[in-house]
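In the text below, chain A, chain B and the rest are named by the order of the sequence lines, each starting its count at 1.
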Amino acid sequence: MDYLKSLNAAQRAAVEYTEGPCMVIAGAGSGKTRVLTYRIAHLINKGVDPFNILSLTFTNKAAREMKERIGKVVGESEARNIWMGTFHSIFARILRVEADRIHYPSNFTIYDSADSKNLIKAIVKEMALDDKLYKPSVVANRISAAKNNLISPKVYRERAEIMADDEVSGRGKMVEIYAEYNKRLFKSSAMDFDDLLYKTNVLLRDHPDVLHKYQHKFKYLLVDEYQDTNFSQYLIVKKLAALNENLCVVGDDAQSIYGFRGANIQNILNFRKDYPDYKLFKLEQNYRSTKNIVAAANSVIGKNKDQIEKNVWTDNDQGDLIKVNRSMSDNEEGMFVANDIFQDKANLHLKNKDFAILYRTNSQSRAMEESLRKLNIPYRIYGGTSFYQRKEIKDILAYYRLTANPNDEEALKRVINYPARGIGKTTLEKITLQAGASGKSQWGVISEDLDKLPVNGGTKQRLNDFVTMMKSFAVQLETTDAFSLAEHIAKSVGLLRELYADKTPEGLSRYENVQELLNGIKEFSESENPEFEGRKPFLSEFLLDVALLTDADQNDEDDDKVSLMTIHASKGLEFPYVYVVGMEENLFPSQLSLTDRSELEEERRLFYVALTRAEKKATLTYAMTRYRFGQLNHSEPSRFIEEVDAKFLDKPETLENPWEDRSSDFGGNPWGKSNRSTSNSGNSYYRNKSQKQPAKSQPEPTFKAPKNLKKVSQANTATKPPATKPGSIVAGVQVTHEKFGKGKVLNVEGVHPNEKATVFFPSVGQKQLLLRFAKLDVVG
DNA sequence: TTAGTTCGGGTTTTT
DNA sequence: CCCGAACTAA
């Protein structure tokens, strides 16, 4: 048991205390993962069957990596049998097994947040509510909060204070939306993210035999990032652990950054109430960062009121001070960071992957990317619009989803008219209406009750063709392997062709993305997994977890690239050199957090997380001006810079005067002289300087003028009489058309208001024009 | 019904 | 600036 020797006293105690409840408070960089890994390895070495261990992590990637590390100690064949994954993926798996208990099919679809919001949007529209008031994001958050606190629509109605909240905000119909939303999910054989936890609670509550089964199965429970669990998750853990109480939770209250998602620090604080005889371990020695970084981070987090007392310290070197840099603009900030990386790399012989750039919001990546590209520094963005969120990927996945689960409403809406097949908005509305009235899904309506649908024959035919096509895919679900069917569908619906035809750079990348997805499915098809008993997996099996995959789960080629990501995404990671950019008021801390103490404290913890990612050196940067929604705005340095004890900062005097001449900063920068955008930024800086005021106060008159002009010209066209007088257009007359010029009417057919004229224009040839629309003037 | 265009509004953070 | 919704033209 060599691994025990590599642990310090506190770590070792936590690893060896295997029976009974315990909590490990793990300061940043204190070897938490190490403890978790060895604890599990230790359990297995002591004879615990891996099948009896459930370990819940925050990301699937963390689970994968931990399994790998455990495998190195106890052997891979043992490690693979541990139940390890995120709450969502583990309990989705269990829900599929036990689906019939809660009256769901086991192949239920998992709606991602975009699907949820679309459904909410549709419901708000159907209920004829004000979509400004009932914004999908607002409604989704409210429903999500309810579900995370195990409040069903029924309970919601009974809770006066919740209902009162809605009334006060003018959203009294919230609970009606919630109820309908759940109904529609069920009808679609779908669950949203929160349902995966909610329904697990229902399952364990209403089916004692099931609870019993899993209590026996999971004799040892571990929960990582416990500070980020919500009530729903807390209760699942509590129930599962109730029999054996071999529960070990690991976390750090100082790193709780998911309060907006319902995470509840109180879960940590309440642990002692649920398990009065619990054992507490504190990991306080930091192995990651320099003394300066640790002390600076401590000085920041000390400003928070709510926290568990601990003393994080380190034996590491003193290290560099934390550098603070001011730039004139967001672009210049990007240039500074890229330039700094470039120079450090050369001077200190570092690799790209030694650097990370962290920001509060995804939109900040752009300025960084541009600058890195200019210096040919390879980088990788984590998060952002994830691969699976891209339109082209969601479109094609929607076909697969609908094939596997025809009741999936969101999938059906996505593909029924894409690529365009003449089934428009009106038709879809009729289908939805009838689905609501009949209790059937939309698919049920078009596949079973098509003759009752009040649409014309052509539309009926097209709907029928669509149904026939989808059925032809469905029959192959269990005969054709995942890749073959996926490829067949992509080709035969014409999606691949349509994307291939688009030769714009964006179109090209869309096509490549779809190819990448197909490659992924191919890989999956050929993977050898005992679950599939020697045959190739089916497409439905590929779909099971796809909604739970995120960018962080993408294969992590050990490329030598600079990492760019949000601070949230950086949790649990570490890098020698870290830049925290956009250190500005209203950005970090976020504007939305300023009115609420607990939210501001969460922002501060976020800053703490950012700082403690750094091993050797941290750099904080902020810009005086920043583009937001395409508009230049003035910004102030973040209060968090002030909150770091000044003795840990390298904050040059020159920062005091924002308008001094800094043009020499550009001397010897690696961009060279020819680079236009460098000098562009310089120009904007000088322009600001000469006006001696920040750019924000400029009212931008030049911006508005053309807008007004446009409006005027629009009004003019609107007041023009609709050109064609009824009855004046007959075969033989000469006409003029705004675009096509002179022409001769050859024929007029159809009855009002659908008269269609065939007109010959010497300029463009023969045209069919609807008189109701076309502006035709009779000549003479 | 569809395609093309304009308009308005949005930015936290993510399983 | 960038997206989707709404509007407009055919």
Practice item. In whole angstrom, give the distance that lies between atom CG of A/L428 and atom P of C/dA5. Key: 13 Å

Check your understanding: Can you tell me how far C1' of B/dT14 sits from CG of A/L548, to the nearest Å?
Key -> 12 Å

Review point. So what does A/T426 hit on the nucleic acid, given a heavy-atom distance under 4.0 Å: a base, only sugar-phosphate, or nothing?
Key: sugar-phosphate

Check your understanding: What closest approach, in Å, do A/I143 and A/I120 show between heavy atoms, and which atom pair accounts for it?
Key -> CD1-CD1, 4.2 Å

Practice item. For a salt bridge (Lys or Arg N to Asp or Glu O under 4.0 Å) with A/E584, tell me which candidate from A/R626, A/R628, A/R639 qualifies. Key: A/R626

**Study point:** A/E585 vs A/P589 side-chain heavy atoms within contact, under 4.5 Å
**Key:** yes

Check your understanding: Does NZ or CZ of A/K571 come closer than 6.0 Å to the centre of the six-membered ring of A/Y258, within 45° of the ring's axis?
Key -> no

Practice item. Look at A/K147 together with A/D195 and state whether they make a salt bridge at an N to O cut-off of under 4.0 Å. Key: yes

Check your understanding: How long is the line joining OH of A/Y198 and P of B/dT15, in whole Å?
Key -> 24 Å

I'd like a table of atom pairs between the protein and nucleotides 2-5 of chain B - only N or O on both sides, under 3.5 Å - with the distance next to each one.
unit_1 : atom_1 : unit_2 : atom_2 : d
B/dT2  : OP1    : A/G422 : N      : 2.6
B/dT2  : OP2    : A/N417 : ND2    : 3.1

Exercise for review: With heavy atoms under 4.0 Å as the rule, sort A/Y258 into base, sugar-phosphate or nothing.
Suggested key: sugar-phosphate

Point to revise | Phosphate-side-chain proximity, A/T566 and B/dT14, N/O vs OP1/OP2 below 4.0 Å | key: yes

Check your understanding: Should A/D395 and A/R510 count as an ion pair when the cut-off is N to O under 4.0 Å?
Key -> no

**Study point:** Nucleotide C/dC1, atom C1' - distance to CZ of A/R628 in whole Å
**Key:** 13 Å

Practice item. Identify whether any heavy atom of A/S593 sits under 4.0 Å from a base atom; if not, whether one sits that close to sugar-phosphate; answer base, sugar-phosphate or nothing. Key: nothing

Revision key, fill the gap. Separation between CG (A/L235) and CG (A/L240), nearest 0.5 Å, reads 10.0 Å

Check your understanding: Whole-Å distance between B/dT15 P and A/N148 CG?
Key -> 14 Å

**Study point:** Axial cation check for A/Y382 ring with A/R380, 6.0 Å and 45° limits
**Key:** yes

Point to revise | Presence of salt bridge, A/K413 and A/E410, under 4.0 angstrom | key: yes

Review point. Touch check for A/T86, heavy atoms < 4.0 angstrom, all strands: base, sugar-phosphate only, or nothing?
Key: sugar-phosphate

Exercise for review: Check whether any side-chain nitrogen or oxygen of A/S113 sits under 4.0 Å from OP1 or OP2 of B/dT14, and answer yes or no.
Suggested key: no

Check your understanding: Taking atom P of B/dT13 as reference, at what distance in whole Å does atom CG of A/L600 sit?
Key -> 18 Å

Exercise for review: When you get a sec, tell me which of C/dA6, B/dT13, B/dT15 is the closest nucleotide to the side chain of A/H568?
Suggested key: B/dT13

Review point. In whole Å, what is the span from the CG atom of A/D224 to the C1' atom of B/dT15?
Key: 14 Å

Check your understanding: Given atom CD of A/Q631 and atom C1' of C/dC1, what is their separation to the nearest angstrom?
Key -> 10 Å

Study note, to complete from the structure: Judged by nearest nucleotide, the residue sitting upstream toward the 5' end of DNA chain B, A/R462 or A/T361, is A/R462

Taking N or O atoms only and anything under 3.5 Å, show me the protein contacts with nucleotides 2-4 of chain C, one pair per line.
unit_1 : atom_1 : unit_2 : atom_2 : d
C/dC2  : OP1    : A/R366 : NH1    : 3.1
C/dC2  : OP1    : A/R366 : NH2    : 3.1

Review point. Do any side-chain nitrogens or oxygens of A/N362 fall under 4.0 Å of OP1 or OP2 in B/dT14?
Key: yes

Review point. Counting side-chain heavy atoms from C-beta on, which of B/dT13, B/dT1, B/dT14 comes nearest to A/R261?
Key: B/dT14

Check your understanding: Going by the angle between their ring planes, with limits at 30° and 60°, are A/Y104 and A/F108 parallel, tilted or perpendicular?
Key -> perpendicular

